[in-house]
Structure formats: structure tokens, C-alpha cells
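These figures come from a predicted structure and were not determined experimentally. Counting begins at 1 with the first residue of the sequence.
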Amino acid sequence: MTRVAQEVGAQLLDRFETVKFIPRTEKTAGDFVSDADLTAERMIRDRLQGAHPGIGWLGEETGASGDPNGLRWIVDPLDGTTNFLHGLPHWAVSIALAQGDRVIAGVVHDPFKSETFTAGAGTGAYLNGAPMRVSQDVPLSHALLATGVPAGGRVTYLSHSMRDIEGLMPDCAGIRRWGAATLDLAYVAAGRIDAYWERNLGPWDVAAGLLLVTEAGGDMRPLWPGQSVLETGSFLASNADLGPLLAPRLCDLRDSA
């Protein structure tokens with residue numbers, strides 16, 4: 001998985017140098033797919049399914065095949081496409097291996113920064129081969145948070161996001177909106193961000209990062225109680241201390257109480 005993510009990342013990095021010439025289309029308002037995404041996903045699928053033909057598939061651009069309750073790859077070939085297409089160097093390749101909804105291995109590779117985040121169920125989380133852990137003993141007033149704010153044609157939960165930001169901004173050290181969910185989750189795992197929440201993402205945005213956070217000692221919980229993070233794409237990821245503190249202040253969990 002790591003080798004494939006790094007190989008595809010190198011190809012994307014080459015294309016990033018001439019990004020303004022890459023063909024792209026708009027899937028929905030403000031949601032783009034480029035020839036770079038499509039080529040990267042084909043490469044990943046060819047490599048992984050060529051080596052392991054019996055494993056199922058779920059890719060952002062090519063959809064699902066195989067048994068959803070069995071082993072399957074969950075892939076985002078280029079998370080942060082909007083950043084990529086605007087020349088912003090903050091995007092990543094994400095590959096996860098799951099058994100149904102249980103993620104058992106994950107890789108998030110950032111080729112521009114030469115950072116590879118990996119995790120295996122029960123074996124810990126690593127950054128470029130070195131163990132990583134979530135932050136510890138950070139009071140909310142010192143905490144750096146991250147979130148996603150819906151835009152374009154996907155603004156169903158915009159009011160929720162605005163209420164959350166308005167409620168939390170006065171009490172923390174800042175809130176970032178980076179535009180690449182897989183890296184937000186990786187940064188929580190690495191202790192760079194103390195908590196991150198978002199709603200309505202795809203499983204390919206969440207799968208690998210979910211495992212990174214939990215294997216790094218973090219807290220990963222659904223924003224819709226009793227529902228799977230992979231199914232809803234709505235979650236709070238944090239260090240172990242801030243999860244219980246922040247959860248009652250976010251709209252979905254607060255409103256369900």
C-alpha cells in the first residue's frame with residue numbers, strides 16, 4: 001500500500017508542475033475531478049487488484065465492486081483536488097484496507113512534503129517510519145482545531161458548521177480549514193492539530209485517517225450517535241482529552257442529547 005501510494009504520489013507531483021494544463025470537469029457545483037484524479041485512481045486499482053485480485057474495491061472516482069462486507073480497498077487517489085488545481089501544495093493520496101466497516105490498514109501520503117503516514121490495526125501509527133502520537137494535556141484555550149466548511153453544491157450542513165465555529169472560536173487557539181480531510185486526520189494523529197470535525201464526507205476521505213487517529217491514541221467518534229463514521233462521513237477526531245470536552249458542543253451531538 002505504501003509503495004503504491006508513493007508511486008502514484010510521484011506521478012501526481014510531476015503533473016502538479018503543469019497543473020494549469022490538466023483537463024478537469026465539475027462533478028457538482030464547486031466539486032471538481034481532473035484527469036490527474038482519474039489517472040491516479042486507475043494506477044492504484046491496477047497495482048492493488050493486480051497483486052490481490054480477490055479483494056473488493058471502493059474508489060472515489062470509480063465506485064464500488066465486490067462484497068462490501070468483505071475485504072476491500074477504500075481509495076481517494078487525490079484528496080484535495082481543489083487545492084491541487086489551484087496550485088496549493090496541500091493534497092494527498094489515501095489508501096485503506098477494510099473488512100466491512102473495520103479498517104485494518106491505512107496509508108496517507110503527501111508527496112509535496114515527503115510525508116507518509118501509516119497505520120495497522122493493533123500495530124500503531126507512524127510518520128515516515130517513526131511512531132507518532134496525538135497531542136496530550138492541551139487545554140481548549142491552547143488547542144488548534146480544524147474543520148471543513150461546506151461550499152458549492154454541498155451546503156446541507158453549512159448552518160451546523162457556522163454554529164460550531166461561532167461557538168468554539170472564542171475558546172480555542174484557532175480553527176483551520178485546509179481542504180484535505182485525509183491530511184487533517186493525519187495531522188490529528190501526529191499531534192499537529194488537537195481536534196478535527198467534519199460532516200458528510202465520503203468513506204474514501206475518512207477510512208485511512210480514521211485508523212491513523214485511533215492507532216495514535218486518539219478519540220474518533222461519530223457526530224450522529226449510533227451511526228458508522230464510514231457510512232455518514234460525519235465525525236469528531238481528537239486527542240483523548242478533548243473528545244469528551246468538544247463532543248457536547250458540536251451541533252449533531254448536542255442536538256441529540
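Under the 4.5 Å side-chain heavy-atom criterion for ILVMFWY residues, no single connected hydrophobic cluster contains both Val138 and Ile175. Clustering ILVMFWY residues whenever any of their side-chain heavy atoms sit less than 4.5 angstrom apart, transitively, puts Leu144 in a cluster other than the one holding Leu245. Hydrophobic clustering of Ile, Leu, Val, Met, Phe, Trp and Tyr side chains at less than 4.5 Å, counting indirect connections, unites Leu242 with Leu223. The cluster map of Ile, Leu, Val, Met, Phe, Trp and Tyr, joined by side-chain heavy atoms under 4.5 Å apart, puts Leu212 and Val93 in different clusters. Hydrophobic clustering of Ile, Leu, Val, Met, Phe, Trp and Tyr side chains at less than 4.5 Å, counting indirect connections, unites Trp178 with Tyr196.
Side-chain atoms of Ile104 and Leu71, non-hydrogen and from C-beta on, do get closer than 4.5 Å to each other. Taking 4.5 Å as the limit, some side-chain heavy atom of Leu85 sits within range of a side-chain heavy atom of Ser34. Ile95 is not listed as a side-chain neighbour of Val8, based on a closest heavy-atom distance of 4.5 Å or more. A heavy-atom distance below 4.5 Å is not found between the side chains of Phe112 and Leu88. For the pair Arg45 and Trp73, the minimum side-chain heavy-atom distance is 4.5 Å or more. Side-chain atoms of Thr39 and Leu12, non-hydrogen and from C-beta on, never get closer than 4.5 Å to each other. Residues Phe235 and Leu185 meet the side-chain proximity criterion, which asks for heavy atoms closer than 4.5 Å. A 4.5 Å side-chain heavy-atom check between Leu145 and Leu246 finds at least one atom pair inside the cut-off.
Here the NE2-CG distance, from His52 to Leu97, works out to 8.5 Å after rounding to the nearest 0.5 Å. To the nearest 0.5 Å, the span separating CD on Glu60 from CG on Leu38 amounts to 10.0 Å. Between Arg199 atom CZ and Leu201 atom CG the span is 10.5 Å, to the nearest 0.5 Å. Note that CG of Asp37 and CZ of Arg42 are 10.5 Å apart. Values are rounded to the nearest 0.5 Å. Atoms CD and CD, on Gln11 and Glu7 in that order, are 7.0 Å from each other to the nearest 0.5 Å. For the atom pair CH2 (Trp57) and CG (Leu48), the distance works out to 6.0 Å, reported to the nearest 0.5 Å.
Legend: salt bridge (Lys or Arg N to Asp or Glu O under 4.0 Å) pairs involving residues 228-246, not counting sequence neighbours: none detected. Residues in residues 171-188 take part in these salt bridge (Lys or Arg N to Asp or Glu O under 4.0 Å) pairs, two or more places apart or across chains: Asp171-Arg249. Every pair passing salt bridge (Lys or Arg N to Asp or Glu O under 4.0 Å) that includes a residue from residues 111-126 is listed here, sequence neighbours excluded: Asp110-Lys113, Glu115-Arg192. Applying the ring pair (Phe, Tyr, Trp, His ring centres under 6.0 Å) rule to pairs touching residues 131-170 yields Tyr157-His160, Tyr157-Trp224, sequence neighbours excluded. For residues 71-94, every residue pair satisfying the salt bridge (Lys or Arg N to Asp or Glu O under 4.0 Å) rule, not counting sequence neighbours, is listed here: Arg72-Asp101. Residue pairs meeting the side chain to side chain donor-acceptor pair (under 3.5 Å) criterion with at least one partner in residues 204-220, sequence neighbours excluded, are Asp219-Arg221. Among residue pairs with one or both ends in residues 116-129, those qualifying as side chain to side chain donor-acceptor pair (under 3.5 Å) are Gln6-Thr116, His109-Thr116; sequence neighbours excluded.
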Fill in: Worked verdict on Glu41 versus Thr62 for side-chain hydrogen bond (donor to acceptor under 3.5 Å, both in side chains)
CA-CA 8 Å; Glu41 186 154 322; Thr62 54; 2.4 Å; yes
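Not a single side-chain hydrogen bond (donor to acceptor under 3.5 Å, both in side chains) links Ser238 to another residue, sequence neighbours left out. Taking the side-chain hydrogen bond (donor to acceptor under 3.5 Å, both in side chains) definition, one finds that Arg133 meets it with nothing, sequence neighbours left out. Remark: Tyr187 engages His90 in a ring-ring contact (aromatic ring centres under 6.0 Å, His included) (not counting sequence neighbours). Listed by chain and number, the residues in a ring-ring contact (aromatic ring centres under 6.0 Å, His included) with Trp91 are Phe16, Phe84 (sequence neighbours excluded). Annotation: side-chain hydrogen bond (donor to acceptor under 3.5 Å, both in side chains) contacts of Ser114 (sequence neighbours excluded): none.
Checking Ser161 against Asp164 by side-chain atom types alone, no donor-acceptor pair falls below 3.5 Å.
Leu158 and Pro150 make their closest contact through CD1-O, 3.7 Å (heavy atoms, listed as atom of the first residue, atom of the second, distance). Nearest heavy atom pair, residue Leu78 against residue Ala36, reads CD2-CB, 4.3 Å. Here the shortest heavy-atom pairing between Ala64 and Leu58 reads CB-CD1, 3.8 Å. Counting all heavy atoms, side chain and backbone alike, Gly106 lies closest to Ala208 at CA-CB, 4.0 Å. Minimum heavy-atom separation, Leu236 to Ala195: CD1-CB, 4.4 Å. Val155 approaches Gly152 most closely through the heavy-atom pair CG1-O, 3.5 Å.
Counting heavy-atom neighbours within 6.0 Å of Gln99 CD, excluding the residue itself, gives a total above 12.
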